[in-house]
Amino acid sequence: MVFYRGHLLICGGTGCVSSGCKDIIIAFQEELRKKKLDEEIKIVETGCHGLCEMGPLVILHPESVFYCRVEVKDVQEIVDEHLMKGRPVSRLFFTEPLSLDKVPKYQEIGFYRKQQRIALRNCGFIDPENFNEYLACDGYAALEKMLSEMTPEEVTNVVKAAGLRGRGGGGFSTGTKWELCAKATSIKKYIICNADEGDPGAFMDRSLLEGDPHNVLEGMMIAAYAIGADEGYLYIRAEYPLAIKRTQTAISRAEELGLLGKNILGSNFSFTLKIKEGAGAFVCGEETALIASIEGRRGMPRSRPPFPVVKGLFGKPTVINNVETFANVPQIILHGADKFAAVGTERSKGTKVFALTGKLRNTGLVEVPMGITMREIIYDIGGGTFEGKKFKAVQIGGPSGGCLPEDRLDLPIDYDSLVQAGAMMGSGGLVVLDDESCIVDVARYFLSFTRSESCGKCTPCREGTMRLLEILERICAGQGVPEDIAKVEKLAYIIKASALCGLGQTAPNPILSTLRYFRHEYEAHIHDKKCPAGVCQALFDYRIDDRICNGCTICAKICPVGAISGERKQAHQLDIVKCIKCGICLERCPKNAIFKE
Amino acid sequence: MNKLLTMEELRELRKKAPDEMTARQTWDTQVIVSVGTCGIAAGAREVVTELLKELQRRNIKNVSVTKTGCIGMCEREVLLDVVRPNEDRVTYGRVVPRDVSRIVGEHLVNGRVVEGLVVGRISS
Ligand SMILES: Cc1cc2nc3c(=O)[nH]c(=O)nc-3n(C[C@H](O)[C@H](O)[C@H](O)COP(=O)(O)O)c2cc1C
Ligand code: SF4
Ligand code: SF4
Ligand code: FES
Ligand code: FES
């Protein structure tokens with residue numbers, strides 16, 4: 001084995017692939033060969049680091065210098081300056097959004113400083129296709145410990161004592177789920193890993209499978225041992241080709257080494273794993289629909305009970321957990337329940353991965369301890385809203401979740417506090433909205449998502465979401481009537497109470513939470529026919545303030561429909577009948593003379 | 001690779017695995033070679049290559065090897081600094097590849113500074 005002086009980690013996650021990391025890898029390979037550094041520096045392709053927006057990311061160890069937005073033309077400079085002469089290229093350092101400081105080192109970047117990584121601990125740090133790297137980071141040490149010294153009951157008890165709750169949205173105690181399934185009498189049982197990840201904007205499960213697939217496999221093996229299953233499935237949506245490829249590589253490697261198969265490591269425990277590709281329907285993430293889909297039937301939920309732990313895949317007792325849930329398990333077994341339970345709040349232990357997006361400076365994937373406040377996530381990690389924009393709300397939990405206003409920002413986040421506040425952990429989507437986002441429009445967006453994803457099996461969801469959406473669309477179009485609010489509320493509660501599965505039961509949440517905190521915005525749309533954020537197109541016109549307009553003619557030239565006219569150096573006129581509200585004139589007017597009203 | 005049939009074999013494999021990861025963390029013990037234009041002209045690259053070979057020969061892994069730019073003592077290049085926890089930072093000057101094995105053997109392994117080559121010290 002060659003002793004490499006340095007490791008050049010290049011992010012090969014989906015985000016960085018789309019910003020061009022493959023070309024960067026080739027450029028580095030060529031440049032290192034040319035400069036005869038290829039025996040001194042090793043190139044390692046890793047999974048996602050969470051800061052995808054700043055990608056392609058390149059990290060140089062042992063110094064842990066962090067380069068962002070690296071382009072092919074920067075490669076030569078990095079090699080010549082940093083690798084040859086030891087002078088880091090500060091131009092490519094990360095810039096802190098608030099202080100504008102250039103930060104050279106990975107660990108010192110604000111985005112990472114407040115994070116605590118358990119599930120994501122290896123993501124971005126190891127080569128997910130190299131088994132030895134996982135092994136070097138305590139990989140399969142939990143499996144080894146379990147098989148040599150723990151009974152299945154002990155495993156379940158540790159997971160229960162750790163207080164791990166399902167990361168797929170519901171937050172059910174994982175240990176209890178395993179215990180129920182272990183108690184079910186059957187010679188055949190199954191384990192399923194739910195990697196359907198249908199929430200718009202969420203990508204933690206994808207990153208976990210892309211960045212550290214063996215960790216998820218190890219978690220599944222532990223669960224299988226605990227409940228007495230000998231077969232498992234990973235249900236991964238087909239839109240995640242890289243996650244599927246890396247998971248398959250990991251499964252094949254584990255099979256070659258005998259970590260999957262019969263009598264694993266000489267024990268009595270046998271376990272095999274298969275990948276099942278999902279076609280990408282949101283409802284197939286619901287456990288009973290997912291099971292139907294694996295069985296080859298149409299992915300539709302059925303009523304529970306019986307729960308899958310009693311009657312699941314092919315009618316056999318089945319434990320189904322989320323990717324992130326499994327990713328936490330090896331660490332719990334290896335280091336004990338107490339260490340895991342030391343992090344988090346009274347009833348929600350450990351960490352949660354959130355996908356942070358929307359109107360803020362740093363977006364990406366973050367893993368934080370439960371109990372952290374929304375304010376810390378948005379301001380300390382996310383860098384806050386953009387210059388001059390005011391925070392309005394944070395949407396948490398995707399289409400099943402809700403919006404929280406400014407005065408809830410100091411709420412310590414856990415499963416229960418969020419439900420109390422009218423939102424939901426969901427799978428961990430966090431979308432920050434500023435004063436240019438319309439709350440009614442956001443509710444309408446999520447509802448249009450659930451409406452089109454409704455499987456149609458039960459009437460409240462199929463019809464109810466359609467009717468709710470119609471009312472919201474009417475309100476956004478300026479045709480709302482005063483009775484609409486009461487009608488929406490009543491319908492929302494009926495759907496919540498009567499829909500068959502979680503999709504329908506939670507579909508009204510985005511509306512109910514916004515009605516709770518932002519009722520005035522609905523009222524403005526209905527009574528005053530105004531959209532305070534200037535988003536709902538039917539509720540405002542573009543106008544030119546003739547006291548400010550100096551007749552530069554720019555707007556008249558760029559208007560695609562010729563709606564603006566006027567003499568040079570004279571105030572211009574905007575014909576609101578012709579105007580198609582494209583907004584270009586407002587963006588381009590140098591005097592800011594154009595406004596919405 | 002063969003099937004891992006026993007726990008013991010997995011343990012053995014894990015023991016060897018960290019070798020591939022050593023350069024991914026910063027160790028307390030560091031060797032810093034100055035590789036400015038003058039350093040390269042004086043043979044810094046050959047010194048680095050020799051250093052890596054020597055570490056590999058002796059199977060030493062808990063050392064970080066990094067480079068730095070010119071530090072203004074161009075006439076004494078190649079300069080090579082050894083940093084060990086709680087000890088003075090020692091700068092060796094006019095290092096040539098054949099000095100490397102002595103520096104590694106004496107200083108890194110046994111903790112004895114190779115006085116004849118020292119051109120500077122910074123107390124810890
Ligand atoms: C409409 C709908 C979609 C869901 N989508 C997912 C999903 O994409 N991933 C997931 O892990 N759980 C999803 N769930 C939750 C699953 O039904 C199930 O509770 C979860 O996989 C259990 O794992 P956990 O206990 O580890 O969270 C969804 C539920 C509903 C009702
Ligand atoms: S609630 Fe919606 S998604 Fe769920 S079963 Fe009913 S129609 Fe299908
Ligand atoms: S909003 Fe678009 S269409 Fe309307 S006046 Fe401005 S440029 Fe023309
Ligand atoms: S894919 Fe590279 S940081 Fe996420
Ligand atoms: S479809 Fe059953 S009551 Fe209308």
Side-chain angles (χ1 to χ4, degrees), chain A residues 1-9 35-37 39-42 44 46 59-65 81-88 105 107 125-127 130-141 143-145 147-149 253-259 261-267, chain B residues 1-40 44-71 79 81:
Chain A
M1 202 206 88
V2 191
F3 185 99
Y4 291 100
R5 178 180 76 72
H7 286 182
L8 192 70
L9 270 56
K35 303 283 158 62
K36 300 205 173 55
L37 284 169
E39 299 223 325
E40 194 177 313
I41 305 289
K42 180 180 177 184
V44 181
T46 70
I59 293 146
L60 200 89
H61 288 293
E63 300 98 317
S64 35
V65 169
E81 287 297 304
H82 193 163
L83 298 178
M84 296 281 285
K85 300 185 186 157
R87 290 194 294 238
K105 295 211 174 185
Q107 307 87 331
F125 186 67
I126 64 168
D127 174 355
N130 184 337
F131 175 78
N132 282 348
E133 296 201 356
Y134 179 61
L135 208 57
C137 299
D138 284 338
Y140 292 107
L143 179 79
E144 188 188 311
K145 176 178 175 187
L147 291 179
S148 49
E149 57 190 62
R253 195 81 187 101
E255 282 168 350
E256 274 165 40
L257 291 165
L259 291 168
K262 281 215 173 336
N263 299 101
I264 293 167
L265 298 175
S267 70
Chain B
M1 202 181 290
N2 292 331
K3 265 200 178 210
L4 277 177
L5 294 171
T6 63
M7 305 267 182
E8 199 43 51
E9 282 162 324
L10 178 66
R11 270 183 221 127
E12 280 305 308
L13 201 60
R14 182 175 303 106
K15 259 192 221 147
K16 283 190 244 131
D19 291 6
E20 293 188 26
M21 302 285 286
T22 44
R24 229 163 289 179
Q25 51 180 300
T26 313
W27 298 95
D28 289 344
T29 303
Q30 296 180 26
V31 180
I32 303 152
V33 185
S34 101
V35 285
T37 314
C38 46
I40 292 176
R45 298 206 54 186
E46 289 74 16
V47 169
V48 171
T49 310
E50 185 57 29
L51 177 64
L52 294 178
K53 282 198 197 135
E54 185 65 24
L55 292 172
Q56 196 178 336
R57 271 196 291 270
R58 293 179 186 257
N59 202 21
I60 299 174
K61 303 190 196 81
N62 51 353
V63 172
S64 293
V65 179
T66 55
K67 295 179 177 178
T68 178
C70 176
I71 56 169
L79 296 162
D81 285 21

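It should be emphasised that the depicted structure is a prediction, and the values quoted were computed from it without experimental measurement.
Annotation: side-chain contact (heavy atoms from CB on, under 4.5 Å) contacts of Lys85(A) (sequence neighbours excluded): Glu81(A), Arg87(A), Ile40(B). Under the rule for a salt bridge (Lys or Arg N to Asp or Glu O under 4.0 Å), the partners of Arg57(B) that lie at least two apart in sequence or sit in another chain are Glu50(B), Glu54(B).
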Could you list the donor-acceptor pairs under 3.5 angstrom formed by side chains in residues 134-141 of chain A, with sequence neighbours left out?
residue: Tyr134(A); atom: OH; partner: Glu218(A); partner atom: OE1; Å: 2.5
residue: Tyr140(A); atom: OH; partner: His214(A); partner atom: ND1; Å: 2.8

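For Ile59(A), no part lies under 4.5 angstrom from a heavy atom of chain B. No part of Leu143(A) comes within reach of chain B, as not one of its non-hydrogen atoms sits under 4.5 angstrom from that chain. Within the 4.5 angstrom heavy-atom criterion, only side-chain atoms of Lys42(A), from C-beta onward, approach chain B. Heavy atoms closer than 4.5 Å to chain A are found nowhere in Val31(B), neither backbone nor side chain. Both the backbone and the side chain of Ile126(A) come within less than 4.5 Å of a heavy atom in chain B.
A distance-only check finds a donor-acceptor pair linking the side chain of Arg24(B) to the backbone of Phe125(A) [under 3.5 Å]. Panel note: side chain Arg5(A), backbone Val48(B); no donor-acceptor pair is recorded below 3.5 Å.
With chain B as partner, the option from Glu133(A), His82(A), Lys36(A) having the largest number of non-hydrogen pairs under 4.5 angstrom is Glu133(A). In terms of heavy-atom pairs under 4.5 angstrom with chain A, the leader among Lys15(B), Glu8(B), Met7(B), Gln30(B) is Met7(B). Ranked by heavy-atom pairs shorter than 4.5 Å toward chain A, the options Val35(B), Leu51(B), Thr26(B) are led by Val35(B).
Distance check, rounded to the nearest 0.5 Å: CG of Leu52(B) to CD of Gln56(B) gives 8.5 Å. One finds the OG1 atom of Thr46(A) at 12.5 Å from the CG atom of Asn130(A) (value rounded to the nearest 0.5 Å). Atoms CD1 and CD, on Ile41(A) and Glu39(A) in that order, are 12.0 Å from each other to the nearest 0.5 Å.
Of residues 59-67 of chain B, those residues lying under 4.5 Å from chain A by any heavy-atom pair are Ile60(B), Lys61(B), Val63(B), Ser64(B), Val65(B), Thr66(B), Lys67(B).
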